[in-house]
Amino acid sequence: MTIMERLAGTSRIGLGLAAVGRPGYINLGRDVDLPADRTVEVMRDRAHELLDRAYASGVRYFDVARSYGRAEEFLAGWLGGRPDVADVVVGSKWGYTYTAGWRIDAEKHEVKDHGVATFERQLGETRALLGDRLDLYQVHSVTPDSPALHDVELHAQLADLAAQGVTIGLSASGPGQGAVIRAALGVEVGGRPLFRSVQATWNLLEPSAGPALAEAHDAGCLVIVKEALANGRLAVGERAPGDVAALAAVLAQPWVTIALSGAATTAQLTSNMRAEDPRAEDPRADDPRADDPRAEDPRAEDPRADDPRAEDPQAEGPRAGDAEAGGAGWGELAMPAEVYWRERSALAWG
């Protein structure tokens, strides 16, 4: 059975362990979500708590990576303690090496390398932990200049892994996600497409990869969306639509197979799961202001009312009502991809 066949009828929300596989990450609010003392034991317990809640909620796709600290180890331990759990799909990623040494204040948290030697080393590390539970192996955070798009020797080794029954994919990052996805769709080994899964950032702030992701879906690829909440920027704050509306906007895209939750608490995960409720497509459905006549103020309906770019003819990027951004009435949040990724790169590890 293919991964899509195995996931049919299950939740379209998957659980990613980026936020709980290591003590430091760039998501907002970690000082509230996690204890100050983030020992390996504390983070393992939190990861297992989230995995338990996710599985009980119908989630069957779990996402880890070599660079997510001990995420693979935590997931492997959870699976090993539950031999009856045989219906989950496990995806991991290689290409970044975790270098923080379990410190939040590390000078460098990860080092990127998409070369053959790193693939061989990290595949061995992943196999040592996950064994034959590995279903999907993705090149981590590919950009247009990555050798993963043109290294023939690497492609041959990835094809060998595919022949063993592991689906080969990649995740894309940066303002050039669309170009990466389209280039990946053209990579073949022995006349057969190599990359059968793509993972990319798509959210109400950064929807630029949408057309390329639709093409990947049409080509038969698994399409996984990461950072649906923009590392928390769409979940908290006066102008944020909230996690449910933001995730519902992702799930409303017909080309999405899985939207990842990056929850750090079970309460966040429970809230994220509400995005599959049809009412979540209307972000005002549970808003008490929806029936408040005072909410008819046009400025109250425009979250960009105080944004100087709103009336700036030189401002670039999607404008209000842009269908690319999806979501019920939240298209005006979209910003130029270059701006989004510049702001993301400035987020502090915490």
Side-chain angles (χ1 to χ4, degrees), residues 14 16 18 26-27 63 65 67 91-96 110 112-114 136-151 154 158 167-187 193-234 246-247 249-260 262 316-318 322-327 330-331 333-347:
I26 62 173
N27 282 358
D63 177 90
S67 62
S92 191
K93 296 179 286 294
W94 71 274
Y96 270 101
E110 52 195 16
K112 183 177 181 179
D113 183 354
H114 289 163
L136 168 64
Y137 211 38
Q138 304 159 95
V139 191
H140 199 169
S141 197
V142 177
T143 51
D145 59 348
S146 171
L149 295 173
H150 55 73
D151 186 331
L154 174 63
L158 291 172
T167 298
I168 301 302
L170 58 74
S171 73
S173 293
Q177 289 187 114
V180 168
I181 293 165
R182 292 186 173 104
L185 293 178
V187 175
L194 177 63
F195 296 106
R196 306 311 299 145
S197 175
V198 294
Q199 180 171 318
T201 293
W202 189 99
N203 58 53
L204 292 173
L205 296 177
E206 216 296 60
S208 67
L213 290 170
E215 292 172 28
H217 171 270
D218 291 345
C221 290
L222 183 77
V223 175
I224 302 169
V225 169
K226 59 186 173 74
E227 298 185 7
L229 304 184
N231 300 107
R233 287 186 281 169
L234 288 168
L247 270 165
V250 174
L251 294 174
Q253 308 310 307
W255 35 262
V256 172
T257 311
I258 292 289
L260 292 177
E316 299 179 356
D322 188 338
E324 282 297 317
W330 295 104
L333 295 178
M335 62 176 64
E338 293 79 5
V339 174
Y340 175 88
W341 290 99
R342 185 166 62 246
E343 291 183 356
R344 183 190 184 279
S345 68
L347 296 175

If you take all heavy atoms of [X] and [Y], which pair is closest and at what distance?
X: A212; Y: I181; answer: O-CG2, 3.6 Å
X: L204; Y: A246; answer: CD1-CA, 4.1 Å
X: Y96; Y: S141; answer: CE1-CB, 3.4 Å
X: A259; Y: V250; answer: CB-CG1, 3.7 Å
X: L247; Y: A228; answer: CD2-CB, 3.6 Å
X: P144; Y: V180; answer: N-CG2, 3.4 Å

Kindly compute the distance separating [atom1] ([X]) from [atom2] ([Y]), expressed to the nearest 0.5 Å.
X: L185; Y: R196; atom1: CG; atom2: CZ; answer: 8.0 Å
X: T167; Y: L158; atom1: OG1; atom2: CG; answer: 12.0 Å
X: T257; Y: L222; atom1: OG1; atom2: CG; answer: 4.5 Å
X: L170; Y: K93; atom1: CG; atom2: NZ; answer: 11.5 Å
X: E215; Y: C221; atom1: CD; atom2: SG; answer: 11.0 Å
X: I258; Y: Q199; atom1: CD1; atom2: CD; answer: 10.5 Å

ask   = Salt-bridged, E206 to R344, with N to O below 4.0 Å?
value = no
task = Output, in order, the C-alpha distance, side-chain angles, deciding distance and verdict of side chain to side chain contact (heavy atoms under 4.5 Å, CB included) for Q138 and I224.
result = CA-CA 11 Å; Q138 304 159 95; I224 302 169; 4.2 Å; yes
Validation row: S173, W341 side chains within 4.5 angstrom (heavy atoms) = yes
request  = Determine whether R182 and P211 make a side-chain contact, defined as any pair of heavy atoms from C-beta on separated by less than 4.5 Å.
outcome  = yes
request  = Would you check if the side chain of Q177 reaches a backbone N or O of T201 as a donor-acceptor pair within less than 3.5 Å?
outcome  = yes
task = Test W202 against V256 for side chain to side chain contact (heavy atoms under 4.5 Å, CB included), laying out the working first.
result = CA-CA 10 Å; W202 189 99; V256 172; over 6 Å; no
message = Please evaluate residues L333 and R233 with respect to the criterion side chain to side chain contact (heavy atoms under 4.5 Å, CB included), reporting the C-alpha separation (whole Å), side-chain torsions for both, the decisive distance (0.1 Å), and the verdict.
response = CA-CA 11 Å; L333 295 178; R233 287 186 281 169; over 6 Å; no
task = Sort out for me which residue in S146, S92, S67 forms a side chain to side chain contact (heavy atoms under 4.5 Å, CB included) with H140.
result = S67
